[in-house]
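Following: one structure in C-alpha cells, then a few remarks.
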Amino acid sequence: MKPVAIARVNLVRFFRDRQAIFSVFLLPMLIVLLLGAMQGGASTPKLGFSVAEDDALTGELLGILDTVEGFEVIEVGDADSAVREVERGGLRAAVIVPAGYESTLRAGGDVEIRLMTRAGQEIQGISEVIGAAVTQQATLLRTARFAQQTGAGSFDDALAIAMMAQEALPPVEVVASIAGEPFVLAGLGQFDVYAQGMLVLFIFITTLNGAVTLVRSRQLGVSRRMYSTPTPIRTMLAGEALSRFTLAIIQGGFIFIGTWLIFGVTWGSPLGSILTILAFSLAATAAAMLLGALVSNEQQAGAISTALGLGLAALGGCMFPLAVFELLSDTVYRVAHVTPHAWALEAFQKLVAEDGGVGDIWGFLLVLVGYAAVLGVLAVWRLRRVLVR
Amino acid sequence: MTVASGEPVLECSGIRKSFGDHAAVKGVGFSIAHGETYGLLGPNGAGKTTTISMISGLLEPDAGEIRLAGEPMTPDSTHTKRLVGLVPQDLAIYPDLDATENLEFFGRLQGMKGAELDRRVAEVLEIIELTDRAGDRTEQYSGGMKRRLNIGVGLLHRPTLLILDEPTVGVDPQSRNAILDSVERLGEEGMAVLYTTHYMEEAERLCDRIGIVDQGELIAEGTQADLVRIVGQRDRLTLTATGSLAATAAALGELEVVDDAGVAGDEIVLIVDQAHDHLPRILEMAARTGSMVKSVDVDSADLESVFLKLTGRALRE
C-alpha cells in the first residue's frame with residue numbers, strides 16, 4: 001500500500017523531531033492547565049482553622065465548617081501560622097478563634113472571630129460561608145441561654161435539648177432559579193470549556209502545519225521524484241493526508257484522554273466525541289493539503305498555517321465560547337460558522353451540555369466531512385497543476 | 001512490459017514544450033537502443049532537463065510523441081513509468097532518513113516489497129559504496145555520498161531506461177570519477193542510459209551516441225567520430241587571455257583561416273585550419289584588438305569544436 005508507505009515515512013520523520021513532539025503533545029496540555037488554573041485554581045480551596053484553646057464549642061464550630069461544600073478545612077497551629085499560610089497562598093483564607101471562646105459565650109459575652117484572606121482576594125463569598133456557620137452555632141447558644149434564663153434547666157441541658165430539636169426539625173430549603181441561558185456552560189468544570197477549544201485549536205494548527213512537510217517534500221524534489229515512479233498524484237496526496245490525519249487523531253486522542261484523566265474534563269458521549277474528533281481531523285487534513293499545494297515555500301507555509309490556525313480558532317469559538325458571539329450579534333455568530341471549528345465545538349457542546357448522543361450531532365459531523373471533501377478535491381487539482389506544468 | 005533486443009527502448013519525435021512565451025523545447029526527436037548510453041550535450045538552459053522531464057512522465061509535452069518499449073509516456077502513464085529510473089539534477093532524498101530508509105521508501109513506491117526489496121537495497125548499497133554508512137542520516141553525508149545515493153534510488157528497481165540529469169554537478173573529482181565508473185558499468189551490463197551533461201569530457205567518455213542540444217533544438221546527433229567529422233581536419237585553438245575578449249573573438253572570426261570563434265570564460269576558442277601555421281598572425285590580431293594572451297593550446301577537433309562550429313558559441317558560455 002503506497003499511501004501507507006508515504007504516511008509511515010512522514011510519521012517516522014515527525015517523531016524524530018523532539019520540538020514537534022513538545023508542541024503537539026505537551027503544549028496543549030500545559031495551556032489547558034494554565035487556562036483552567038486561571039479560571040479557578042487547580043484544586044478545592046483550603047480554609048485554615050486556628051484555635052487558641054480546644055473546647056467543645058470550637059470543636060463543634062469546626063464540625064459545622066467541615067460540612068460546608070466547596071472548602072477543605074485544615075486545622076493550623078496558632079494565629080501567626082495561619083496568617084503566614086494565607087500570605088504564602090497555601091490557604092485561601094483562615095478562621096482564627098480567640099482564646100476563651102466557649103467560656104466567654106457561656107458567660108454571655110461577645111467573641112470576635114477573625115477571618116484572614118490575602119490582600120486583593122475576593123472575601124465576600126468566604127465570609128458569608130463562615131458567617132452562616134457561626135450564626136448556626138450562635139442560634140443554638142442563644143436558644144440554650146434563653147431556656148436557662150426562663151428556668152428550663154442548666155445551660156448544658158438546654159443546649160443539648162436545642163441541638164436535638166435542631167436535628168429533628170425539617171430544614172428550610174431555598175431553591176434558586178436562573179432566568180436566561182448561562183453565559184458559560186453551567187455544570188462544567190474549570191478545565192472543561194478550555195479543553196474543548198484547545199483540542200480543536202491544536203488539531204487544526206498541527207495538521208495545518210503539515211503543509212510545511214508537503215512544501216518541504218516539493219522543495220527537496222522528493223515529490224517530483226515520487227511522481228516519476230508509478231505513483232499517481234491522488235496516491236501521493238492520500239499518503240500525505242493519511243500521515244496528517246493519523247497525527248491529528250493521535251493528538252486529539254491524547255488531549256481527549258489526557259484532559260479526562262488528569263483534569264477530569266467532561267466530554268459527554270465517548271463515541272460522539274471520537275466521531276467529532278475524526279470528522280474535524282479530516283477537515284483539518286484537507287485544509288493542510290490544500291495549503292501545501294498553494295504555497296511555494298516553507299516560510300510561507302509556516303507563517304500562513306500559524307496565522308490561519310489562530311485566526312480561524314478565534315473566529316470559530318476556541319478562545320471565547322460561541323455563546324459570547326451569539327450575544328454580540330447574529331452576524332458574528334453566523335460568520336463563526338464559516339470555520340469548521342465552530343461546527344466541531346457545537347457538536348462537543350451538544351454532547352456535554354445537553355448530554356447528547358451521536359444522533360444529536362450527525363448534522364455537525366456531515367458539515368465537517370463536507371469541508372474535508374471540498375478542500376480535498378481542490379488540493380488534488382492544485383497539486384497536479386504544481387507538479388505537471 | 002519487456003523490450004526485445006534491437007528494439008528501441010525509447011523513441012521520441014517532435015516533442016515540444018513552452019512555458020508561457022518561452023519555447024523551451026522545439027521539436028526534439030531521438031531514440032535509444034537496448035544497452036545504449038545516449039548523451040544529451042548542451043549548455044545550461046539548452047532544454048535538456050525539460051526534455052528528460054517529458055521523457056520521464058513529469059511533464060506533458062505540448063506536441064510530439066514519446067514511447068518507452070512501444071508504450072506511450074505521459075504523466076498519467078503509471079505502468080510505463082515502471083520502465084524509467086530517474087536521477088534528477090538536484091538531490092531528491094530525505095535528509096532526515098538514512099540511506100536504507102530512503103532506498104526502501106522509493107523501492108516501495110516502485111512496487112517492491114519484502115525479501116526482494118531487502119535484497120535489492122543491500123545490492124544497491126554495495127553498488128554505490130554506502131554499505132558502511134547505510135544507517136547514518138543522509139544529512140551527515142558528504143556531497144558525493146548524497147549524489148551516489150541519489151543515483152542508487154534511480155537504480156533500485158532495475159529500470160529499462162536510466163535517466164541521469166547532470167549527475168556530477170557540484171561533485172568533487174573523486175566522487176565524480178566513482179559516478180562515471182558506475183554509469184560505465186551499468187552501460188556494460190546492458191542498461192539503456194540517457195545522460196545529460198554540459199561537460200564534453202563526460203559525454204566523450206560515457207556515451208555511445210551523443211545529441212547536441214542548443215536553445216531547445218537537437219542540432220546534431222551521432223557517435224563522437226560522426227560529430228567530429230562535421231568540423232573536419234581542423235584544430236581547436238584555445239587562447240587564455242585578458243582584455244576585450246569578445247571584440248578579439250569577433251575580429252578573429254573574420255580571418256579566412258578561422259572557421260568559428262567564441263568566448264568561454266577567460267578563453268577564446270577558435271576552430272582553425274592548420275593552427276600552428278597561422279598562430280603568429282592570430283596572436284598579432286589578438287594584441288591589436290586589445291587582448292593580452294597568456295597561454296595557447298592547440299588540440300585536435302573535439303565535441304567542444306563541434307558545438308562551436310554548429311552554434312558559433314562555446315559550450316561553456
Side-chain angles (χ1 to χ4, degrees), chain A residues 1-21 209-210 212-243 247 293 296-298 380-389, chain B residues 1 17-20 49-50 52-62 73-98 101-102 104-113 117 137-139 146 150 153-154 156-157 159 161 163 165:
Chain A
M1 282 288 285
K2 291 179 185 177
V4 175
I6 296 168
R8 187 175 161 275
V9 156
N10 281 342
L11 290 171
V12 165
R13 295 174 62 221
F14 172 81
F15 282 108
R16 283 183 180 166
D17 183 353
R18 287 182 187 169
Q19 196 182 334
I21 290 173
N209 250 307
V212 176
T213 317
L214 188 57
V215 174
R216 193 176 293 151
S217 290
R218 276 171 45 203
Q219 284 188 323
L220 286 172
V222 173
S223 293
R224 275 175 76 78
R225 185 168 219 163
M226 284 162 69
Y227 191 50
S228 77
T229 69
T231 309
I233 284 179
R234 61 177 180 279
T235 306
M236 288 165 57
L237 211 59
E240 296 285 347
L242 183 61
S243 60
L247 191 59
S296 54
N297 60 56
E298 282 183 55
V380 173
W381 167 78
R382 175 64 193 173
L383 194 65
R384 189 182 159 80
R385 274 179 63 94
V386 170
L387 290 178
V388 189
R389 49 168 194 180
Chain B
M1 222 179 287
K17 185 72 188 175
S18 295
F19 300 103
T49 299
T50 306
I52 63 165
S53 292
M54 289 187 280
I55 291 170
S56 52
L58 287 173
L59 284 179
E60 181 96 58
D62 296 335
M73 173 62 111
T74 68
D76 294 324
S77 309
T78 306
H79 286 289
T80 315
K81 284 181 180 177
R82 287 181 206 282
L83 299 173
V84 176
L86 175 66
V87 179
Q89 182 174 350
D90 295 322
L91 294 170
I93 50 176
Y94 284 118
D96 43 5
L97 296 184
D98 63 35
E101 288 168 331
N102 268 291
E104 283 177 350
F105 171 64
F106 285 105
R108 287 195 181 96
L109 293 188
Q110 292 288 359
M112 302 169 78
K113 57 186 173 184
L117 177 60
R137 289 194 195 182
T138 59
E139 61 200 355
K146 288 177 188 170
N150 202 36
V153 171
L156 195 66
H157 62 295
L161 174 66
I163 300 176
D165 188 10

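Everything numeric in this text was worked out from a predicted model, so none of it was measured. Numbers restart at 1 for each chain; the letters A, B, ... are given by sequence-line order, proteins then strands.
Pairing each heavy atom of A:Ala5 with each of B:Arg108, the nearest pair is CB-CD, 4.0 Å. In plain terms, the two heavy atoms of A:Thr231 and B:Thr78 that are nearest each other are N-CG2, 4.3 Å. Across all non-hydrogen atoms, the minimal contact from B:Asp96 to A:Arg13 is OD1-NE, 2.8 Å. Between B:Ala92 and A:Val222, the shortest heavy-atom distance links the atoms C-CG2, 3.9 Å.
With hydrogens and angles disregarded, no donor-acceptor distance shorter than 3.5 Å links the side chain of B:Lys113 to the backbone of A:Met1. No donor-acceptor pair under 3.5 Å is formed between the side chain of B:Lys81 and the backbone N or O of A:Ser228.
Of the candidates B:Arg82, B:Gln110, B:His157, B:Gln110 is the only one forming a side-chain contact (heavy atoms from CB on, under 4.5 Å) with A:Thr229.
Both the backbone and the side chain of B:Leu97 come within contact range of chain A, each with at least one heavy atom under 4.5 Å from a heavy atom of that chain. For a residue to count as touching a neighbouring chain, one of its non-hydrogen atoms must lie under 4.5 Å from one of that chain's; by this rule B:Asn150 touches chain A with backbone and side chain alike. Heavy atoms closer than 4.5 Å to chain A are found nowhere in B:Glu104, neither backbone nor side chain.
A salt bridge does not link B:Glu139 with A:Arg16: every distance from a Lys NZ or Arg NE/NH1/NH2 to an Asp or Glu carboxylate oxygen is 4.0 Å or more.
Taking CZ of B:Phe105 as the reference point, atom CZ of A:Arg225 lies at 11.0 Å (rounded to 0.5 Å). To the nearest 0.5 Å, atom OG of residue B:Ser53 and atom OH of residue A:Tyr227 are 12.0 Å apart.
Of the listed residues B:Val84, B:Leu91, B:Asp90, B:Val153, the one with more heavy-atom pairs under 4.5 angstrom with chain A than any other is B:Val153.
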